[in-house]
Amino acid sequence: MAAIETSDSSILVEGLVRDYAGVRAVDGVDLEVAAGEIYGFLGPNGAGKSTTVRILTTLLRPTAGRAVVAGHDVVSGASGVRRAIGVALQEASLDPLMTGRELLRLQGALHGLRRREAAARGEELLERVDLVAAADRRLATYSGGMRRRLDLALALVNRPRVLFLDEPTTGLDPASRAALWREVRALNADGTTVFLTTQYLEEVEQLAGRVGIIDQGRIAAEGTPSELKERLGGPALHIDLVDLGRTEEARAALARFGPCTDRPGGGLRVRTPEGARAIAPVVRVLDEAGIAVDAVEVDLPSLDDVFLALTGHRAVEEDAEA
Amino acid sequence: MSAVALERRPAVQARVIVALAQRALAVQLRRAQFLIPALVLPLVLLAVIASGTSAGRNLPGFPTSGSYIGFVIGGALLQGALLAGMTAGTAMAGDIEGGFFDRLLAAPVHRASIVLGRVVASLVVGAAQACLFLAVGLIFGADYAGGVLGVTAAVVLTAMVAGAAAGATGALALRTGSVELLRNFFPMVFVLLFTAPAFFPRQLLSPAMHAVTRFNPLTYVVEGIRAVLHDDRALGSPAAGFACAAGLLTGATALAVLAMRARTRGA
């Protein structure tokens with residue numbers, strides 16, 4: 001199957017749809033990921049992230065639409081896609097009875113490496129992800145962070161052009177998460193395109209050049225983290241009043257600075273493009289009105305705010321954090 | 001080297017099959033719940049039958065060639081082979097349930113190689129098992145008049161049945177992806193065993209059972225095993241045994257490959 005010309009794109013998705021028994025898990029997704037980019041695919045559980053990744057990695061067929069990865073159509077050129085990609089799947093895809101070294105050698109064989117080549121590549125990757133000492137231990141004895149590192153190493157056996165990381169840091173402690181992020185940055189610096197799904201806003205802010213927010217199977221927004229935050233209209237000031245009984249007077253006095261809303265637990269939130277520069281004028285106006293101020297804080301918008309504004313709910317619900 | 005070429009290159013796929021078979025064997029050796037039924041259960045049943053039903057030997061019409069344990073060991077080989085194949089299918093369903101199967105599917109591997117890796121591993125397990133059982137039988141008084149050639153032929157027949165059982169249960173695993181369902185098929189091993197003259201000569205079975213055994217291909221395999229072990233064509237036809245074993249192995253493997261195709265196309 002000849003490769004398809006897709007300009008500079010490593011991934012091109014058009015009108016992708018996937019139905020499961022009458023339920024539409026992915027509903028017309030369009031996206032494009034440039035070569036050498038880290039693309040963050042953000043959304044809560046059940047949003048359609050993993051289904052999209054499974055289609056892009058040829059594990060599922062789309063119901064409609066098309067997707068091209070590394071120049072190969074995921075349906076008609078699935079073999080070419082598999083050759084060009086690395087996939088770090090969920091933790092469960094590691095066999096707990098195998099050792100890290102065995103699994104790396106098997107992965108090498110699956111990618112057509114000869115016995116010696118597979119062994120050498122395995123050793124190289126064990127060193128890269130700092131698992132040499134644990135290489136001959138069964139995976140059942142590995143910690144979550146070790147499993148994720150091994151999973152990443154397995155995805156790199158064939159030196160992929162496009163790397164899919166499906167929630168690579170879910171359940172990891174901060175140190176393990178930071179170590180994995182460093183590795184992803186290093187891979188990207190070497191020219192690998194990374195498609196990263198996550199529930200963690202911090203993860204995409206740390207790693208991704210661009211972000212796609214998926215909710216209920218649809219792309220709700222796409223852009224750089226800065227672009228997405230700018231859509232919210234800039235930073236906000238949180239103002240705590242000494243006398244909450246004067247909240248309405250304060251709201252009227254502050255209307256000139258921008259949209260003014262109530263804060264949970266009392267006080268006001270004023271969204272203003274001036275940010276910190278507006279603190280002094282705001283305090284002055286309230287002082288002139290005789291309204292005492294307890295505290296003023298600058299609140300920079302986060303991707304979580306963007307997510308909330310776009311979808312009406314948080315990216316990670318508290319009860320779904322695990 | 002293009003991806004398509006990689007998946008179609010026999011040498012590459014041979015390496016993949018060997019690697020997958022090695023993995024299946026290593027995991028099987030480490031998983032007691034897979035190893036014990038295939039190794040211990042047939043030996044226990046062999047001990048029970050050899051000690052508890054040896055008086056059957058005195059029935060008129062019972063074959064006289066070889067010892068009683070030498071006669072019933074063919075049934076133990078068959079049972080071990082079926083159980084080994086069954087555990088292979090269960091392990092494949094476990095891979096599907098646990099997600100390991102996705103790792104295989106996401107690699108540029110010919111889908112048939114994934115099935116063949118499992119079948120080859122079962123051929124090895126079946127052969128190893130047969131060697132062990134025949135050695136145990138030898139210790140407890142069995143004699144094999146067929147000599148090395150007969151024993152080798154019996155080992156090959158047993159291995160083929162194990163491979164066939166792996167193919168059949170692999171097909172089930174691929175269609176259902178359920179470990180639980182595969183475990184529910186466990187009693188089928190005994191249905192297959194007792195509808196073949198695994199532990200008793202066919203001519204001494206009731207007419208109804210005799211008729212049933214004619215339609216069970218394992219009948220010809222177990223009789224073939226006895227014939228080669230004791231170098232006595234009156235016990236069965238080696239050619240019929242090999243033909244049935246080869247048919248079962250080919251058919252079951254083809255079934256598994258078709259199930260794999262259906263699974264990946266329906267994904």
Side-chain angles (χ1 to χ4, degrees), chain A residues 1-3 18 20 50 53-62 70-72 75-99 102-103 105-115 117-118 138-140 151 154-155 157-158 160 164 166, chain B residues 1-35 87 91-92 94-111 113-114 116-117 120-121 177 261-267:
Chain A
M1 176 66 55
R18 172 67 198 201
Y20 284 113
S50 290
V53 167
R54 289 179 72 79
I55 293 171
L56 296 180
T57 55
T58 76
L59 293 173
L60 272 182
R61 289 182 174 219
H72 302 275
V75 177
S76 61
S79 305
V81 174
R82 290 179 200 129
R83 179 80 175 134
I85 64 170
V87 188
L89 297 163
Q90 299 285 331
E91 186 180 341
S93 68
L94 301 175
D95 185 335
L97 291 176
M98 294 180 76
T99 69
E102 286 171 342
L103 197 45
R105 289 180 180 188
L106 174 65
Q107 189 79 3
L110 294 176
H111 281 279
L113 300 184
R114 290 192 166 80
R115 203 180 180 86
E117 291 170 333
R138 291 188 192 176
L139 303 187
D151 211 5
L154 289 163
V157 162
N158 57 327
F164 289 91
D166 192 7
Chain B
M1 178 167 34
S2 78
V4 175
L6 190 70
E7 289 181 27
R8 289 186 182 163
R9 288 178 70 167
V12 172
Q13 291 313 304
R15 284 203 298 273
V16 169
I17 292 166
V18 169
L20 288 173
Q22 282 176 335
R23 179 250 167 182
L25 287 168
V27 170
Q28 184 146 1
L29 285 170
R30 291 167 195 171
R31 195 170 279 164
Q33 72 264 34
F34 285 168
L35 200 60
T87 56
M92 185 177 262
D95 279 352
I96 294 168
E97 275 190 0
F100 189 83
F101 203 67
D102 285 342
R103 181 174 299 287
L104 305 181
L105 294 181
V109 170
H110 199 291
R111 279 29 193 153
S113 299
I114 298 173
L116 290 173
V120 168
R261 189 175 295 177
R263 182 174 192 88
T264 48
R265 286 202 173 156

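Note that the structure is a prediction, hence the values are computed from the model and not measured. Below, chain A is the first sequence line, B the second, and so on; all start at residue 1.
Only the backbone of A/Leu113 comes within less than 4.5 Å of a heavy atom in chain B; its side chain stays farther off. For B/Arg111, the part sitting under 4.5 Å from any heavy atom of chain A is the side chain, from C-beta outward, and nothing else. Looking at B/Gln22, the atoms closer than 4.5 Å to chain A (heavy atoms on both sides) all sit in the side chain, from C-beta outward. With a threshold of 4.5 angstrom between heavy atoms, A/Arg114 approaches chain B through its backbone and through its side chain. Using a 4.5 Å cut-off between heavy atoms, B/Ile114 does not touch chain A at all. Only the backbone of B/Thr264 comes within less than 4.5 Å of a heavy atom in chain A; its side chain stays farther off.
Between A/Arg82 and B/Val109, every side-chain heavy-atom pair lies at or beyond the 4.5 Å cut-off. Side-chain atoms of B/Phe101 and A/Leu59, non-hydrogen and from C-beta on, never get closer than 4.5 Å to each other. Looking only at side-chain heavy atoms (C-beta outward), B/Leu20 and A/Leu106 come within less than 4.5 Å of each other.
One distance of note links CG of A/Leu94 with CZ of B/Arg103; it measures 5.0 Å at 0.5 Å rounding.
Of the listed residues (B/Ala106, B/Ala19, B/Ser113), the one with the most heavy-atom contacts under 4.5 Å to chain A is B/Ala106. Considering only heavy-atom pairs separated by less than 4.5 Å from chain B, the leading option among A/Val75, A/Leu154, A/Ile85, A/Val87 is A/Leu154. Ranking A/Glu102, A/Arg61, A/Arg115, A/Arg54 against chain B, the residue ahead of the rest is A/Arg61, based on heavy-atom pairs under 4.5 Å.
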Is there a side-chain contact (heavy atoms from CB on, under 4.5 Å) between A/Thr58 and B/Leu105 once you walk through the steps?
-> CA-CA 8 Å; A/Thr58 76; B/Leu105 294 181; over 6 Å; no
Carefully, step by step, assess B/Arg23 and A/Met98 under the rule side-chain contact (heavy atoms from CB on, under 4.5 Å).
-> CA-CA 8 Å; B/Arg23 179 250 167 182; A/Met98 294 180 76; 3.4 Å; yes
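No salt bridge links A/Asp95 with B/Arg30; every basic N to acidic carboxylate O contact stays at or beyond 4.0 Å.
Across all non-hydrogen atoms, the minimal contact from A/His111 to B/Ala107 is NE2-CB, 4.3 Å.
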